[in-house]
Amino acid sequence: MAIGLLLRETMSGWLTLDNNAEAQRLPFAFSIAAFTTRIFSLSTPRYFRGRVTLGGEHFPCEGELTIRLGGPHYWLRFVHPVHGTLYLSGQKTYGRNGLLRSLITCPLTVFRQDTPVGEAEVAYRDSILLFAFRALRLVREENAYTEYGAAQ
């Protein structure tokens with residue numbers, strides 16, 4: 001198997017469903033392991049597996065992280081026992097709402113069957129200065145998703 005770049009990160013914040021009022025924000029977080037063998041191609045989509053935490057419950061998730069010039073784009077999908085399959089999509093926008101906030105914060109739209117049903121906002125809460133040392137690793141492809149199940 002090939003060697004590639006593994007990015008592990010956790011982002012946390014809030015999520016609302018069905019256009020609930022701001023008071024109905026649920027604690028939301030996702031932890032991902034995103035991998036690619038195309039180490040030097042920044043814009044290559046990186047498939048990931050991970051875990052979503054919503055309101056204290058944990059669910060497996062999958063998705064893609066694509067690094068773009070304006071900021072990283074995330075999409076992820078998970079199955080909730082009450083709300084069904086939820087799909088979240090969003091992008092960090094560098095420079096908007098202050099440089100530091102834009103580096104760590106990602107607004108997301110929540111969809112169910114292609115219909116927007118809510119919104120979320122997550123942020124990277126660990127040290128930005130240590131990101132490269134804590135989040136990035138060179139690993140063999142077969143070991144990329146060991147924490148979240150075997151690679152497909």
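Along the sequence shown, the residues carry numbers beginning at 1.
- Of the inter-residue distances, the one linking T109 atom OG1 with Q91 atom CD reads 11.5 Å to the nearest 0.5 angstrom.
- One hydrophobic cluster, built from ILVMFWY side chains closer than 4.5 Å, holds both L136 and L138.
- Of all non-hydrogen atoms in R46 and R38, the two that sit nearest each other are NH2-O, 4.3 Å.
- Taken to the nearest 0.5 Å, the CZ atom of R49 stands 10.5 Å off from the OG1 atom of T146.
- Under 3.5 Å, the side chains of R125 and S12 contain a donor-acceptor pair of N or O atoms.
- Within the 4.5 Å cutoff, the side chain of T105 has no heavy atoms near those of the V122 side chain.
- For the atom pair CD of E119 and CG of L17, the computed distance is 10.5 Å after rounding to the nearest 0.5 Å.
- Residues L54 and Y87 are members of separate hydrophobic clusters, defined by side-chain heavy-atom contacts under 4.5 angstrom among Ile, Leu, Val, Met, Phe, Trp and Tyr.
- By the 30° and 60° cut-offs, the orientation of the rings of F59 relative to H80 is tilted.
- Counted within 6.0 Å of CZ on R68, heavy atoms from surrounding residues, nucleotides or ligands total more than 12; the atom is thus considered enclosed.
- Taking a 6.0 Å sphere around CG of L130, one finds it holds more than 12 heavy atoms contributed by other residues, nucleotides or ligands.
- In the hydrophobic clustering, I67 connects to no other residue, as no ILVMFWY side-chain heavy atoms lie under 4.5 Å from its own.
- Note: F35 CZ to L65 CG = 13.5 Å, rounded to the nearest 0.5 Å.
- The shortest distance between side-chain heavy atoms of L6 and T36 does not fall below 4.5 Å.
- Nearest approach of C61 to F78, heavy atoms of both residues: CB-CB, 4.0 Å.
- Under the 4.5 Å side-chain heavy-atom criterion for ILVMFWY residues, no single connected hydrophobic cluster contains both I32 and W75.
- With H83 as the partner, the side-chain contact (heavy atoms from CB on, under 4.5 Å) test is satisfied by one option alone out of V79, T85, L86: L86.
- Note that CG of N143 is 10.0 Å distant from CD of E141, once rounded to the nearest 0.5 Å.
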Please assess E62 against R77 for the test salt bridge (charged side-chain N to carboxylate O under 4.0 Å, His left out), listing each intermediate value before the final yes or no. CA-CA 6 Å; E62 66 176 354; R77 177 178 39 239; 3.0 Å; yes
Could you go through the side-chain hydrogen bond (donor to acceptor under 3.5 Å, both in side chains) check for T66 and H73 one step at a time? CA-CA 5 Å; T66 304; H73 178 269; 5.1 Å; no
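- Under the 4.5 Å side-chain criterion, counting only non-hydrogen atoms from C-beta, Y74 is in contact with M11.
- Using the six-membered ring where Trp is involved, F30 and F48 have ring planes that are parallel, under 30° apart on the 30 and 60° scheme.
- Here the shortest heavy-atom pairing between A144 and V139 reads CA-CG2, 4.2 Å.
- Counting only heavy atoms from C-beta outward, the side chains of D126 and R134 approach each other to under 4.5 Å.
- Y124 and W14 fall into different hydrophobic clusters, where Ile, Leu, Val, Met, Phe, Trp and Tyr residues are linked whenever their side-chain heavy atoms come under 4.5 Å apart, directly or through other members.
- Linking Ile, Leu, Val, Met, Phe, Trp and Tyr whenever their side-chain heavy atoms come within less than 4.5 Å leaves F111 and V52 in two separate clusters.
- We find the CG-CG distance between L108 and L15 to be 8.5 Å, quoted to the nearest 0.5 Å.
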